Amino acid sequence: WGKRPFLASECNELPKAEKWRRQIIGEISKKVAQIQNAGLGEFRIRDLNDEINKLLREKGHWEFRIKELGGPDYARIGPKMLDHEGKEVPGNRGYKYFGAAKDLPGVRELFEKEPLPPPRKTRAELMKAIDAEYYGYRDEDDGILEPLEQEHERKVIAEAVEKWKMEREARLARGEEEEEEEVNIYAVNDDESDEDGAKEKDGEEGQQKFIAHVPVPSQQEIEEALVRRKKMELLQKYASETLMAQSEEAKTLLGL
């Protein structure tokens with residue numbers, strides 16, 4: 001069988017690829033057992049941990065090659081016991097710590113530290129995903145909702161009409177046919193007319209009564225007010241002309 005090839009792609013025989021994979025698994029198991037001993041010292045433990053991670057990567061290459069050669073997909077169906085022995089540091093995928101390596105200085109603190117929360121999205125990033133569909137404006141575009149709504153609308157209308165017909169028939173059976181009364185919106189109660197002050201009548205019987213809510217002057221009062229206004233205007237006009245003439249005469253006498 002010879003020495004294990006450095007590259008899995010150099011192997012073209014499925015039985016040999018299976019053999020090299022089993023050999024790697026044996027080496028990983030041996031080193032995982034050794035690294036459980038915390039008395040080996042920090043440097044030896046770190047070296048063992050690096051070697052185990054390197055062998056795990058190599059095992060993955062051989063499993064991929066076995067699948068290429070028509071063998072089983074060990075990456076999907078293979079046992080994960082060796083992988084579960086290791087522990088990844090949060091935020092650092094791929095590299096695992098085994099056995100006593102988990103308690104090395106600086107490593108324990110990494111496991112105790114809580115992973116950073118995912119970064120908060122900015123308002124602009126959130127708004128990118130908001131469109132008309134987010135507000136429900138495209139609900140009818142699927143061709144399903146609109147026919148259902150139309151069917152429900154027809155059903156509701158039919159039920160309302162049927163209910164109205166039944167109620168109408170019940171009233172007719174009881175002789176309670178309703179007649180709409182004509183309401184005179186201009187009608188004035190006698191009580192209201194007594195409370196208000198001024199009223200005017202057109203003089204003819206049967207004419208509608210109207211109530212004046214403000215004092216209305218008579219025709220004579222209007223004419224008297226116009227005469228008084230005209231007198232005031234004339235008085236102001238001629239009084240002003242007389243004063244102007246007297247002023248000019250005084251200026252002439254004084255020689256101004």
Side-chain angles (χ1 to χ4, degrees), residues 1-134 138-139 141-144:
W1 294 87
K3 186 179 179 181
R4 184 168 74 229
F6 181 74
L7 296 175
S9 58
E10 295 177 355
C11 178
N12 297 315
E13 299 178 29
L14 181 59
K16 287 186 177 181
E18 295 269 14
K19 173 183 178 293
W20 301 133
R21 176 182 175 274
R22 288 194 298 270
Q23 185 185 80
I24 293 172
I25 291 176
E27 293 177 8
I28 294 174
S29 300
K30 186 184 298 183
K31 293 183 183 295
V32 168
Q34 292 176 357
I35 203 171
Q36 305 301 323
N37 183 6
L40 294 176
E42 179 182 347
F43 296 105
R44 178 57 183 154
I45 291 173
R46 289 187 184 276
D47 290 341
L48 276 172
N49 202 75
D50 290 341
E51 292 170 8
I52 293 171
N53 277 276
K54 180 181 177 182
L55 288 169
L56 284 173
R57 288 194 298 271
E58 189 175 355
K59 180 171 77 75
H61 296 323
W62 282 103
E63 289 175 348
F64 181 77
R65 183 57 178 165
I66 289 171
K67 183 181 177 183
E68 285 184 333
L69 295 173
D73 186 2
Y74 288 111
R76 186 170 62 87
I77 64 174
K80 304 290 184 181
M81 185 164 43
L82 291 175
D83 291 356
H84 292 163
E85 288 285 337
K87 189 175 181 182
E88 292 181 347
V89 174
N92 185 18
R93 290 181 57 83
Y95 191 88
K96 296 183 177 182
Y97 290 89
F98 295 84
K102 300 175 188 176
D103 297 323
L104 290 174
V107 178
R108 186 190 300 110
E109 290 78 10
L110 293 175
F111 288 120
E112 291 175 354
K113 188 184 301 182
E114 294 184 3
L116 295 175
R120 291 172 60 89
K121 290 187 177 181
T122 63
R123 186 177 183 84
E125 291 173 339
L126 293 173
M127 294 299 291
K128 286 181 181 178
I130 296 179
D131 53 11
E133 189 172 359
Y134 174 83
R138 296 178 182 169
D139 290 348
D141 294 350
D142 57 2
I144 299 175

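This structure is a prediction, so every number in the text was calculated from the model and none was measured.
Atom NZ of K102 sits about 7.5 Å away from atom CD of Q36, to the nearest 0.5 Å. Atoms CD1 and CG, from I45 and N49 in turn, are 9.0 Å apart once rounded to the nearest 0.5 Å. Here the CG-NZ distance, from D47 to K31, works out to 9.5 Å after rounding to the nearest 0.5 Å. Atom OH in Y97 sits 10.5 Å away from atom CD1 in I35 (nearest 0.5 Å). Rounding to the nearest 0.5 Å gives a distance of 8.5 Å between CD of E58 and CD1 of I28.
Two residues are said to be in side-chain contact when any heavy atoms from C-beta on lie closer than 4.5 Å; E51 and E27 fail this criterion. Residues F64 and S9 form no side-chain contact, since every pair of their non-hydrogen atoms from C-beta on lies 4.5 Å or further apart.
Of all the heavy atoms in Q34 and L40, the pair that sits closest is O-CD1, 3.2 Å. Taking both residues in full, the closest heavy atoms of A38 and A100 are given as CA-CB, 3.8 Å, listed atom of the first, atom of the second, then distance.
In this view, R22 and E18, K19 satisfy the side-chain contact (heavy atoms from CB on, under 4.5 Å) rule, not counting sequence neighbours. Residues meeting the salt bridge (charged side-chain N to carboxylate O under 4.0 Å, His left out) test with K67, sequence neighbours left out: D73. Shown here are the side-chain contact (heavy atoms from CB on, under 4.5 Å) partners of L69, two or more places apart in sequence or in another chain: L14, A17, R65. The side-chain hydrogen bond (donor to acceptor under 3.5 Å, both in side chains) search around D50 returns Y95, not counting sequence neighbours. R46 meets the side-chain hydrogen bond (donor to acceptor under 3.5 Å, both in side chains) test with E42; sequence neighbours excluded. Residues satisfying the side-chain contact (heavy atoms from CB on, under 4.5 Å) test with K54, not counting sequence neighbours, are R57.
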Review point. Do F98 and L56 pass the side chain to side chain contact (heavy atoms under 4.5 Å, CB included) test, and can you show the C-alpha distance, the side-chain angles, and the key distance before you say yes or no?
Key: CA-CA 12 Å; F98 295 84; L56 284 173; 3.6 Å; yes
Exercise for review: Start with the C-alpha distance between Q23 and W62, add both sets of side-chain angles, then the distance that settles side chain to side chain contact (heavy atoms under 4.5 Å, CB included), and finish with yes or no.
Suggested key: CA-CA 11 Å; Q23 185 185 80; W62 282 103; over 6 Å; no
